[in-house]
Structure formats: C-alpha cells, structure tokens
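Before any comments, here is the structure.
Every number for a ligand or one of its atoms is a count from 1 in the order of the listing.
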Amino acid sequence: MIRRFTAGEPILTDAAVRQIPAESIAAFPYPHCRDGSRFSFTFPLEDGEIVYGLGEAPRGINKRGWLYKSFCSDDPFHTEDKHALYAAHNFLLHGGPLGGLGGIFRGIFIDFPAEIVWDIGYTRPEEAVITLDGTDFDIYLIEEETPRAVVREFRALIGKSYIPPFWAFGFLQSRWSYYNADAVKDVIRGYDEARIPLDGVCLDIDYMERYKNFTVNGEAFPDLRRFAAELKAQGIHLIPIIDAGVKKEDGYGVYEEGRDRGYFCKNADGSDFEGAVWPGIVGFPDFLRPEVREWFGEKYRVLTDLGIDGFWNDMNEPAIFYSAKGLKEAYEKAARLRGEELDLTGFFALKDAFARLDNSPDDYASMFHEIGGRPVNHLHVHNLYGASMTRAAGEFFEKEFGKEKVLLFSRASYIGAHRHGGIWFGDNHSWWQHILLCLRMLPSANMCGFLYCGADLGGFNGDATPDLLLRFLALGVFTPLMRNHSALGTRSQECFRFGDPAPFRDIIQVRYRLIPYLYQTFRRAAEAGDMMFRPLSFDYPDDPIARECETQLLLGEECMIAPVCEQNASGRTVYLPEEMCFVKLSGERIVSKEVLPKGLHYVRVALNEVPLFLKKGKTVPLCRPALRTAQLDTETSENLTW
Ligand code: GLC
C-alpha cells in the first residue's frame, strides 16, 4: 500500500514514475510540525527496531544512532563523524516485528531536493526526527508485510534501474591519471602479460585539453578514434570522465554556446555564476532545465563518434573549489587582518577564510537555476544537480543508441538517476575499514534503485598495500561495478604492480567465472525492482544475530558473502543463519567446499581466495574464465551446489 502526502508546491524532481493521488499533509500519520521555513516529523524507535535506507551514506546498514544529512557533498574523508557523502537517497525503511507499527514495515520516501536532516536516535536514542529545509515536498509512505515487499513497491514507484552493457561487468582499471595513450597501453600490457582479465580503462581528467569537457588532448592522444578502435579490437573499452563544470575560455565552443544561450547557473543579478574546479573558472550548466540537458547530452556525441561507449560523470554535487566572490572576500579579510597582532580567534578566522572556500554554503546560496522561467536558489534543488547531469547523458545515450549500450556512472546522485546510470562511492581511502563501508552501502544503495555500483577498489586516497587490494578485490568480485581507481600522487595500484601477479589473477578470474551468474542476478533485480544484495535481517528476521550482522550480505537467492576486512587476518568469524556450504574459489579452482552448521564459525581465507557461502539446494553456475568478457564462454562449465 502506498500513499502520497503533498505540502505546498513541490519542485518537480521526476523521481517517481507512477502517479499516486495526493493527500493533504494534515493526514500524514507521523507527528509533524512546521517551524517557519522547515518541516519536521518524528517517530519512536522501539528497542531492537532496525532502520534501513539512505543509500550511499556513512556508517552502518542499520542507520540508528547517528545524524545523517541529505546534501550531496564532495568530501574525500569518509570517516564516521561525517553526515553525508556524495548522494542524497531520501528513502528510509523501519517497523517490523520489533517496531511500533503493529508488525508491518514502512518505507518513507521524501521527494524533496533540498537538505534533509535525519536524526535517527542521535539526539534521543528512542526517537527519529526528520527535518526538511523547506515546506514544499512530497512524502510517500509504503506499508507492507516484509521489508523486501516495501522495497519492491518503492521501486515500482521510482521506475526500473539502469542496466549497463554486459562488458561493464568486467574488471575496469583506472587512475588519476594515465597521461597518454602509451600509459594506457602499458596498463593493458601489464594486465595481459600477467594474464589478469580486464575489460576497460578509465581516462581521468588529463585526457582532455586543459580539462575542457568534450575535448581531447591531441598530444597525449593524437588519434583517439583509432586508439579506441585498436583497443576495442582487443576487447578493451575506454571510459573517459566528464566533469560538471565547463571551462570559461573564449574560443571554447561548449563554453561560448552555454554562455550565449544563457545555459549556465546564474547569480542573483542574472550574470553567470562562476566557480573554480579542475579547469579553473567554469560555468555550471543548469542541468535542471530540459533544454540544457538536451544540449549537454548531445555534447557526448563528440566522444561517442570516436567509438567511446563508457563514461563517468564527476564533480557534480557540484564541487566548487572556490568562487570569485568567495576568494575576493577571503583576500579582503586577509588584508584587513594584515599587520594586526592576531589573537587565536583572529588567527583561526584568517585561516578559515581560505580553508572554508571550497563547497561553501555561501556559494551554493548565491547560485540560481531557472525552473519554469523563474529563478530558483540552488539550495532548494542542490541534490538534483548531479542526478540531472546523469539524466542529461543517460537520455542522450538511450535516444541515440538504445538501452544497455553505454556504460555510465556518476558521483553525485538523487533517486531517479538510478534509471539513467550507476554510481561509484566516491573518493574513499586505502583503508581496511573502507572495505566494510562499501559492503554496507551495497544493500542501502540497492533499496534506492542503484544497482550498478561499487567503490574504488584498493582505495582512492592514500597508498594501497597488496593485501589490502586483494581483500578489497575479493569483495569487488561481487559488486556490479568492479573498478580499481586511485588518486594522483598515491602508490600505483594496478594489479600487476606488486611482484607476483598470481594472487590477483586468482581473484579476478573468480569474477569472470561468476559473471554470468552475477549478470543474471543483477538483471533479475533490475527487472523485478528487487535488491541484488540484502542485509541478513531481511531473510532471517527472527534471528537476533542475523539481525545485527553488518559484515555479511545475502546475494541473490543463492548465497551469502563475507569478505575478510582486516589486515594480517588469515580469516574471519562468520555467522551462518542456517546450514550453508562454505566455498573457497581461486582462479579456475574450487579450493574447498565444506558444509557448516548454523552458527558462528571462524573460517580461513587465503589472500588469493574468494569466500562464498551457498544455501542448501541452490546452484551457482560458474563458467570458464577468460581475459575479456567478450571471450567468455558464458555456458556453465561447472555448477556450484550441494
Ligand atoms: C575526483 C573524483 C576522482 C577523480 C578526481 C580527478 O576526486 O572523485 O575519482 O580521480 O576527481 O578527476
């Protein structure tokens, strides 16, 4: 059962694809109040009740005990003290046998693109308080007997998830940056010589001419069309990055067109809002306008015409390093303080004047969009920005090439964008705890429709060690997007860089053996509006240990995954909610199969092994591995079963 409550005049987000008749907010069943320009509502949190949702967000699968914010944020430190990451996925699910809703489960979807604060037992452990920074919104409530049924109903509301081309289930290698065609060739050679499967190489910002979208640095990539074709013939796809901001430069066609047609976001006085990102000063296309989406989407043709069929959209929260106005104010503050005897307060004011320039609320507040011919402040629609960029690209690809032809994943997102592309979880670190963070985001993102997703394997920031990368990959074997990516200035972390490549080959070959199974599981989830990964508590609601499990996931109907997430550990403790077969896969081998009874077990897993737990009577097909998805004989060569 689904109900929609409308207050004021909500901004149209197109997140929902089904029309549900609107009821007045007066009928909204949670205690609620309007406090000036904000709306908030509360619900009690019962002992043992689990709160799921929020998609890509910090902390656990169970969101209780912390304060989260829906505000797409470019923050490269994904630590526990954070409230938001790059996405705004406004869906929550609670209730159940231990909840206060008479046993039923309830999904709450807040279709509202400005900031939302989700205090889920942070201020008062026994209460959730949700506060919207505005009073015009739609809230949908979905009630069902099981959490999975709530998710299915929600997904029917928001429409089917994006399905990428088959090759996008192959392994992808990325780095900021492979500076020229030779560097890309070296990477492919490295993988081929190590006989490690690979299907794509991502090109980071340096493939462009001075970071200008839809241009190619001709010195670094003298003939991208030929190069892309050469690689295609080898089964390798190039996946260039596109950033949200368009470099301000006279003579640069994309910029001039955007400026002349009035397509960039504006200041209050109607002039173009300008901020600095990688290219220097940029204009931010007003992706919320359909004509701007169409215009920007069409620009991808420059690259699709060269044979490119994969893209990642970045910096689309949008990230703003500084604005001309912010920088001017900082200089003015510095000038005022110059020569003064600074006390500590003065010193920190001076420091902060510069340290707080990036992604500043003041800049967002001085940026305007145009909706229905009227200016709308960016803060009212912030969370739609990246999603609308994804939509611009996705709609172009679908119109031009049909469904499932072009790979697309984005950094920022809002529910609705799941129909047009996937997401990656942004700039994580080469930290062990980030393996777990990735695992925990998978079911949450799945609930919100984002099925094609994954983290930067090996970690983006910081230096990876081979054991970390191997363990990260052993989780990445299961994530639809399986990409190794790392930042400028960090240790190289391609899989052949750490001496003996055999353990890496062993892990990535397992992925290729599983691709037909993973692809099928993914497709089923996409078509049925289901999740590919579920928390254990979804399937074992009465099992107290399963209910609290935050380090294992159910995958499809057949298995459970439980990666090793600690350094120097030769295994881990795993909880089996029922009798299962513990399988270790490595390269082309099934290393071992052992039926274990329900309960807690310590299982040993070597660095070159992928652990998998198979349910009784279930079968996971394995095919023979290959170096490319295109060479996979997707017929089953062996059935994993017991
Ligand atoms: C951002 C992206 C990262 C990319 C970098 C340079 O930090 O999140 O993936 O490598 O920009 O383009």
Side-chain angles (χ1 to χ4, degrees), residues 56 58 72-79 82 84-87 172-180 183-184 187 200-217 220-221 238-247 275-280 282 284 303 310-322 358-359 385-387 389-390 393 407-413 417 421-431 434 437-438 441 452-464 472 476 479 481-494:
E56 183 191 302
C72 298
S73 302
D74 164 35
D75 182 337
F77 288 92
H78 308 171
T79 45
K82 296 302 163 66
L85 295 175
Y86 307 85
L172 312 178
Q173 179 61 54
S174 185
R175 180 165 178 87
W176 175 20
S177 265
Y178 298 128
Y179 286 97
N180 51 43
V184 173
V187 168
V201 178
C202 292
L203 299 181
D204 210 320
I205 46 175
D206 298 283
Y207 80 87
M208 299 183 220
E209 191 201 313
R210 287 177 296 116
Y211 309 143
K212 290 187 287 185
N213 282 330
F214 314 113
T215 67
V216 177
N217 176 339
F221 294 90
L238 283 176
I239 307 150
I241 194 170
I242 300 292
D243 282 352
V246 173
K247 184 175 174 63
V277 200
W278 304 123
V282 301
F284 292 95
L303 291 156
F311 295 89
W312 44 314
N313 280 352
D314 193 21
M315 310 304 276
N316 49 6
E317 294 70 31
I320 305 176
F321 296 160
Y322 65 86
D358 57 334
N359 306 320
Y385 192 74
M389 180 189 182
T390 303
L407 168 61
L408 174 64
F409 54 99
S410 166
R411 198 169 71 172
S413 60
I423 49 172
W424 91 100
F425 297 148
D427 297 349
N428 63 357
H429 273 74
S430 297
W431 292 342
H434 277 179
L437 183 62
C438 170
M441 286 198 274
Y452 189 78
C453 52
D456 286 350
L457 302 172
F460 175 74
N461 293 295
D463 293 328
F472 235 127
T479 61
L481 166 63
M482 185 189 192
R483 180 177 80 141
N484 175 341
H485 180 46
S486 61
L488 185 72
T490 60
R491 179 183 191 184
S492 296
Q493 63 184 46
E494 292 79 15

Within the 4.0 Å heavy-atom shell around [X], which atoms of ligand 1 are there?
{"X": "His485", "value": "3 (C), 4 (C), 9 (O), 10 (O)"}
{"X": "Ile241", "value": "12 (O)"}
{"X": "Trp424", "value": "8 (O), 9 (O)"}
{"X": "Arg411", "value": "1 (C), 2 (C), 7 (O), 8 (O)"}
{"X": "Met315", "value": "1 (C), 11 (O)"}

Quick test of your reading of the structure: of Asp243, Asp427, Leu203, whose heavy atom lies closest to atom 8 (O) of ligand 1?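 Among Asp243, Asp427, Leu203, the closest heavy atom to atom 8 (O) of ligand 1 belongs to Asp427.
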
Closest by any non-hydrogen atom to atom 1 (C) of ligand 1: pick that one out of Asp206, Asp314, Asn461.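 Considering heavy atoms of Asp206, Asp314, Asn461, the nearest to atom 1 (C) of ligand 1 sits in Asp314.
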
For the ring pair Phe321 and Trp278, is the centre-to-centre distance below 6.0 Å?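 Yes, close enough.
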
Between Leu85 and Met441, is any pair of side-chain heavy atoms under 4.5 Å apart?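 Sidechains of Met441 and Leu85: in contact.
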
Using side-chain heavy atoms (C-beta onward) and a distance below 4.5 Å, is Leu203 in contact with Phe221?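 The answer is yes; the side chains approach within 4.5 Å.
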
Below the 3.5 angstrom mark, is there an N/O of Asp456, backbone or side chain, next to an N/O of ligand 1?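 No; the residue has no nitrogen or oxygen that sits under 3.5 Å from a nitrogen or oxygen of the ligand.
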
Are any of the N or O atoms of Asp204 closer than 3.5 Å to those of ligand 1?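 Between Asp204 and ligand 1 (N or O atoms, distance only) the closest approach is under 3.5 Å.
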
Could you label the plane-to-plane angle of the Trp431 and Phe77 rings as parallel, tilted or perpendicular, counting under 30° as parallel and over 60° as perpendicular?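 Ring orientation, 0 to 90° scale: tilted.
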
Supply the atom-to-atom distance Asn484 CG to Arg175 CZ, rounded to the nearest 0.5 angstrom.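 If we round to the nearest 0.5 Å, Asn484:CG and Arg175:CZ are 9.5 Å apart.
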
Measure Phe425 to ligand 1 on non-hydrogen atoms and call it side chain, backbone, both or neither using the 4.0 Å cut-off.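 Neither part.
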
Determine, step by step, whether Val246 and Phe214 satisfy the side chain to side chain contact (heavy atoms under 4.5 Å, CB included) criterion, reporting the C-alpha distance in whole Å, the side-chain angles of both residues, the deciding distance to 0.1 Å, and the verdict. CA-CA 10 Å; Val246 173; Phe214 314 113; 6.0 Å; no

Do you see a donor-acceptor pair shorter than 3.5 Å between the side chains of Asp206 and Tyr211?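 A donor-acceptor contact under 3.5 Å links the two side chains.
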
Thinking salt bridges, do Asp456 and Arg483 make one under a 4.0 Å N-O criterion?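 Looking at Arg483 together with Asp456, the answer is yes, because their closest N to O distance falls below 4.0 Å.
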
In terms of residue, atom name and distance, what is the protein heavy atom nearest to atom 5 (C) of ligand 1?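 Going by distance alone, atom 5 (C) of ligand 1 is nearest to Trp176 CE3, 3.8 Å.
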
Would you say Arg175 contacts ligand 1, with heavy atoms under 4.0 Å as the rule?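 Arg175: no contact with ligand 1 (<4.0 Å).
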
